[in-house]
There are 2 protein chains.
Amino acid sequence: MNIGDVAERSGLPAKTIRYYEDIGFICPARSANGYRQFAQKDLHKLTFVGRARSLGFTIEDCRTLLALYEDRGRASADVKRVAQQNLADIDAKIADLQDMRATLSHLVTSCAGDGRPDCPILDTLGGAPKA
Amino acid sequence: MNIGDVAERSGLPAKTIRYYEDIGFICPARSANGYRQFAQKDLHKLTFVGRARSLGFTIEDCRTLLALYEDRGRASADVKRVAQQNLADIDAKIADLQDMRATLSHLVTSCAGDGRPDCPILDTLGGAPKA
DNA sequence: GCTTGACCTTCCACCAACTGGAACCCTTAT
DNA sequence: ATAAGGGTTCCAGTTGGTGGAAGGTCAAGC
């Protein structure tokens, strides 16, 4: 398979696939003309990484997960630990965003949004700095 | 005020303040020794930007908001539009994260997390790629 | 007067995770 | 012959800063 095929099947842009090679996720063979020749296994790994990324795992998480994936004897507890950490990170992000949302939504609601200049949003942002 | 004072009062690291000067948010005077000399107005603007950033506004949003802030005649509708867009972005991010969270949480729950190698998390990530 | 330590300065490099673009090669069809 | 549509490399840019080196400045203590 050439990079275009793999891109289509994995759903990742070709650029990203080259990048993933760069950082050592895959190491496809090369044919005589220099084109990358992908094996099923490469496609598999790329799809794996694509899914993990879409679930919010970082690249380093993916590296860990790939190693666990390749290790037939790994304990599921190791995988679960990575996933749980990720879950906690996601929860923290959601909480942050919900805080922001609450404040901002309050400000938006209180702003008339008309042609006059008085605006509680700017007033709040520009409130007196501490001492 | 020197940069250290402004850092403390605005809550922003000195590095960040220099960066904000770089990108044109402020333009503090300089004293004979080359030190930045911050006026109240600079502190004000930095605090403004710090608050806006903590509400998830991008740097470019901040640029817009600062301009509106400085413009005594602006319409509050202009500000509201920026804030509403930000709110929509935040909502989209929250929805994304909640999707991730649901999937991942399901996977984590279904994984035994013991010493055995079978792991539904990896099984799902590694499932057969499309045709 | 000298040193010490806390400040300040600039500049350059780096982080994540790609993405865009230039300049060029390979293959196939017309 | 040439044009379209692959592929290749490499360099630079994105966002919003952060870390560190190398060096200038200032105030206090001895």
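In what follows, every chain begins at residue 1, and chains take the letters A, B, ... in the order their sequences are listed.
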**Student:** Please state how far atom CD in A:Glu21 lies from atom P in C:dC18, giving the value in whole angstrom units.
**Tutor:** 15 Å
**Student:** Without decimals, in angstroms, what is the distance between A:Ile59 CD1 and C:dT19 C1'?
**Tutor:** 14 Å
**Student:** Can you see if the side chain of A:Tyr20 gets near the phosphate of C:dC18 - specifically, an N or O under 4.0 Å from OP1 or OP2?
**Tutor:** yes
**Student:** Using the closest heavy atom to pick a nucleotide of DNA chain D for each, name whichever of B:Thr16 or A:Asn2 lands nearer the 5' end.
**Tutor:** A:Asn2
**Student:** Does a salt bridge link A:Lys93 with A:Asp96, judged by any charged N lying under 4.0 Å from a carboxylate O?
**Tutor:** no
**Student:** OH of A:Tyr19 versus C1' of C:dG21: gap in Å, rounded?
**Tutor:** 19 Å
**Student:** Touch check for B:Arg18, heavy atoms < 4.0 angstrom, all strands: base, sugar-phosphate only, or nothing?
**Tutor:** base
**Student:** Charged N to carboxylate O below 4.0 Å: is that the case for A:Arg63 and A:Glu60?
**Tutor:** yes
**Student:** Expressed as a whole number of angstroms, how long is the span from A:Asp5:CG to C:dT27:C1'?
**Tutor:** 14 Å
**Student:** On DNA chain D, reading 5' to 3', which nucleotide is the first and which the last to sit with an atom under 4.0 Å from a heavy atom of chain B, could you check?
**Tutor:** D:dG16 to D:dC26
**Student:** With a 4.5 Å cut-off on side-chain heavy atoms, are B:Val49 and B:Arg53 touching?
**Tutor:** yes
**Student:** Any donor-acceptor pair under 3.5 Å linking the side chain of A:Arg74 with the backbone of B:Pro117?
**Tutor:** yes
**Student:** Side chains of A:Ile3 and A:Tyr35: does their closest heavy-atom pair fall under 4.5 Å?
**Tutor:** no
**Student:** It should be established whether A:Asn33 places a side-chain nitrogen or oxygen under 4.0 Å from OP1 or OP2 of nucleotide C:dC25.
**Tutor:** no
**Student:** Let me know the distance between CD1 of B:Ile3 and C1' of C:dA6, rounded to the nearest Å.
**Tutor:** 15 Å
**Student:** Flag the pair B:Lys45 and B:Asp42 as a salt bridge only when some basic side-chain nitrogen lies within less than 4.0 angstrom of an acidic carboxylate oxygen.
**Tutor:** no
**Student:** For a quick check under 3.5 Å, do B:Asp114 and A:Ser76 share a side-chain donor-acceptor pair by atom type?
**Tutor:** yes
**Student:** Using whole Å, report how far CD of B:Glu8 lies from C1' of C:dC8.
**Tutor:** 16 Å
**Student:** Taking CZ from B:Arg36 and C1' from C:dC7, how many angstroms apart are they, rounded to a whole number?
**Tutor:** 13 Å
**Student:** B:Ile17 has an atom CD1; how far is it from atom C1' of C:dT9, in whole Å?
**Tutor:** 15 Å
